[in-house]
Amino acid sequence: MKIYLIVILLILTGQYLLDLLSSWLNVQKARPVLPKEFRGYYKAREYKRSQVYLKEKTFFEMIQDTFNFLILVGFILAGGFNILDGFIRSFRFNTILTGIVFTFLLIIGYHILNLPFAIYHTFIIEEKYGFNRTTPKTFILDLLKSFVLLIIIGSPILALVLWLFESISLAWFFAWLTVFLFQLVLLFIFPVVLLPLFNKMTPLKKGRLRVKIERYARKENFKMQGIFTMDGSRRSTKSNAFFTGFGRLKRIVLFDTLISQHTDNELVSILAHEMSHFKNKHIIKMLFLSFLSFGFMFFILSVFINNPALFAAFKMEHISVYASLVFFGFLYSPISLIQSFLANSLSRKFEFEADRYAVKSFGHKNDFLKALKKLSVHNLTNLTPHPLKVILSYSHPPVLKRIERIKKTS
């Protein structure tokens with residue numbers, strides 16, 4: 001019992017301190033002198049404002065992380081998981097329904113505890129720096145929709161995984177295939193079913209921009225369902241563009257805030273970058289990595305399922321598959337961290353490749369550089385992140401690194 005409890009507490013503490021260290025170093029790395037690449041794009045006052053935004057947002061996140069760490073450790077030491085389990089068992093549901101309720105109450109409890117932080121971040125910090133457009137009504141509706149989707153989508157897959165581990169041998173193998181196939185289904189239905197629940201998608205109006213995008217897509221033999229604008233301005237003034245879906249359901253999505261801030265060539269350059277992820281099979285490669293990760297995770301889970309010593313560490317009176325899934329997450333988190341390092345590193349490599357492809361296929365290198373710089377300025381992006389922060393959490397390379405690589409692309 002003590003061994004598992006000590007290991008879990010060490011893991012939680014180590015991850016908390018690592019995140020704290022990377023955040024602190026990231027703030028210290030901020031430079032008061034504007035990088036020469038952004039002269040003419042950033043005014044001195046705005047650049048200083050971006051660094052104040054970085055510091056305020058980072059210190060707020062550090063406070064939130066500290067709160068969550070202390071609550072979680074206190075909950076474990078006080079036997080909170082056992083108290084919750086005993087309460088749910090008193091209703092005498094079957095084991096699968098008990099597991100679903102146990103898991104979802106933990107998730108909902110976490111979000112309720114963090115709700116004040118979400119409100120403060122949205123309506124105080126983001127509002128202060130001119131980003132927030134979210135109304136209280138939209139904020140509440142987003143929360144309710146997210147919880148409903150969690151129940152509708154999460155319940156069947158969790159129930160199936162619990163049933164597999166309770167009923168058959170080689171459950172880890174079938175759970176691996178089931179969860180991955182479910183992930184694929186979500187990728188297909190996300191653009192046409194889930195995304196419209198939160199945002200209004202409107203076909204891009206006919207005009208010069210649409211003609212340029214379609215011409216480039218035809219040249220690249222890129223088949224898609226359509227080009228859409230999304231009402232991102234309902235929630236934030238920040239800009240973005242992305243591709244979503246697979247096969248014939250592929251969609252180009254432009255935030256309405258993005259269109260108003262960039263020229264046509266800049267927008268097509270951004271989309272050329274996004275298209276290249278499909279052309280270079282980056283999405284397939286990341287899916288394959290995810291497939292392997294799921295398999296490894298479920299195999300290791302099968303070793304720790306219903307482990308009495310692990311349950312004793314959490315002061316549990318009853319052993320169950322559903323609690324095993326939760327407790328295993330604590331033990332697996334160091335491996336998950338290593339996997340995220342590898343995934344982020346690969347993602348950053350793919351971003352460099354996509355930048356190079358965009359320049360080579362569409363040309364207009366200067367327009368692409370202008371687009372990246374404008375996006376960074378508008379979103380108050382940190383131009384000089386610390387390397388540790390990049391390794392831990394950046395799926396995209398720092399913008400100055402991207403600019404340097406793009407300039408070398410012929």
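Computed from heavy atoms alone, side chains included, the values below leave out hydrogens, waters and symmetry copies. In this chain, residues are counted from 1 in sequence order.
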Novice: Does the side chain of E127 come under 3.5 Å of the side chain of Y120 through a donor N or O and an acceptor N or O?
Specialist: no
Novice: Is it true that K57 and E61 have a side-chain N and a carboxylate O under 4.0 angstrom from each other?
Specialist: no
Novice: Using distance alone, with no hydrogens and no angle criterion, decide if Y41 and E46 have a side-chain donor and acceptor under 3.5 Å apart.
Specialist: no
Novice: Would you tell me whether Y42 and S376 have side-chain atoms, one donor and one acceptor, within less than 3.5 Å of each other?
Specialist: no
Novice: Is R402 salt-bridged to D355, cutoff N-O under 4.0 Å?
Specialist: yes
Novice: Please check if the distance between the ring centroids of F147 and F104 is under 6.0 Å.
Specialist: no
Novice: What I want to find out is whether K238 reaches E126 closely enough, with some N-O distance under 4.0 Å, to be called a salt bridge.
Specialist: yes
Novice: Could you walk me through whether Y110 and L115 satisfy the side chain to side chain contact (heavy atoms under 4.5 Å, CB included) test, starting with their C-alpha distance in whole Å, then the side-chain angles of each, then the deciding distance to 0.1 Å, before giving a yes or no?
Specialist: CA-CA 9 Å; Y110 169 82; L115 186 58; over 6 Å; no
Novice: So, F362 versus Y216, ring centres under 6.0 angstrom or not?
Specialist: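 So the answer is yes for these two rings.
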Novice: State whether a side-chain donor-acceptor pair under 3.5 Å links E166 with T95.
Specialist: yes
Novice: Scan side-chain atoms only and decide if N265 and K212 contain a donor-acceptor pair under the 3.5 Å cut-off.
Specialist: yes
Novice: State whether a side-chain donor-acceptor pair under 3.5 Å links Q51 with Y47.
Specialist: yes
Novice: Could you tabulate the donor-acceptor pairs under 3.5 Å formed by side-chain atoms of residues 149-160, not counting sequence neighbours?
Specialist:
{"from": "S155", "atom 1": "OG", "to": "I151", "atom 2": "O", "distance (Å)": "2.6"}

Novice: Grab the two heavy atoms, one from I227 and one from R210, that are nearest each other, plus how far apart they are.
Specialist: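 That closest heavy-atom pairing would be O-NH1, 3.9 Å.
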Novice: Taking the six-membered ring where the residue is Trp, are the ring centres of F165 and W172 under 6.0 Å apart?
Specialist: no
Novice: Sequence neighbours excluded, which residues qualify as ring-ring contact (aromatic ring centres under 6.0 Å, His included) partners of Y322?
Specialist: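 Expected list: F102.
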Novice: Can you check whether I252 reaches F228 side chain to side chain, under 4.5 Å on heavy atoms?
Specialist: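 No - every pair of side-chain heavy atoms lies 4.5 Å or more apart.
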Novice: Verify the ring-centre separation between Y4 and F327: is it less than 6.0 angstrom?
Specialist: no
Novice: Please evaluate residues F139 and F123 with respect to the criterion side chain to side chain contact (heavy atoms under 4.5 Å, CB included), reporting the C-alpha separation (whole Å), side-chain torsions for both, the decisive distance (0.1 Å), and the verdict.
Specialist: CA-CA 10 Å; F139 185 85; F123 294 103; 3.8 Å; yes
Novice: Does either side chain, that of Q28 or that of H386, offer a donor lying less than 3.5 Å from an acceptor on the other one?
Specialist: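 Their side chains do not contain a donor-acceptor pair, so the 3.5 Å distance test is not met.
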Novice: Given the rule in the side-chain hydrogen bond (donor to acceptor under 3.5 Å, both in side chains) test, do T138 and T135 qualify, once you have shown the distances and angles that lead to the verdict?
Specialist: CA-CA 5 Å; T138 299; T135 63; 3.0 Å; yes
Novice: I want to check something: taking the side chain as every heavy atom from C-beta on, are I124 and I119 in contact at a cut-off of under 4.5 Å?
Specialist: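 With C-beta onward as the side chain, the pair stays apart.
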Novice: With a 3.5 Å distance limit and no angle check, can you tell me whether S333 reaches the backbone of F330 through a side-chain donor-acceptor pair?
Specialist: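 Judged by distance alone, yes, a pair lies under 3.5 Å.
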Novice: Could you check D231 against T202 for side chain to side chain contact (heavy atoms under 4.5 Å, CB included), going step by step and ending with a plain yes or no?
Specialist: CA-CA 8 Å; D231 59 342; T202 308; over 6 Å; no
Novice: Side chains of Q64 and H121: do they bring a donor and an acceptor to under 3.5 Å?
Specialist: no
Novice: Using 4.0 Å as the upper bound for N to carboxylate O, is an ion pair formed by K145 and D142?
Specialist: no
Novice: What's the shortest heavy-atom distance between R49 and Y129, and which atoms?
Specialist: NH2-O, 2.7 Å
Novice: So, S233 versus D256: side-chain donor-acceptor pair below 3.5 Å or not?
Specialist: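 Present: a donor and an acceptor within the cut-off.
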Novice: Applying salt bridge (Lys or Arg N to Asp or Glu O under 4.0 Å), run through E37 and K407 and close with a yes or a no.
Specialist: CA-CA 11 Å; E37 289 290 351; K407 283 191 166 185; 2.7 Å; yes
Novice: Could you verify whether a donor N or O on one side chain and an acceptor N or O on the other, from Y394 and E351, lie under 3.5 Å apart?
Specialist: no
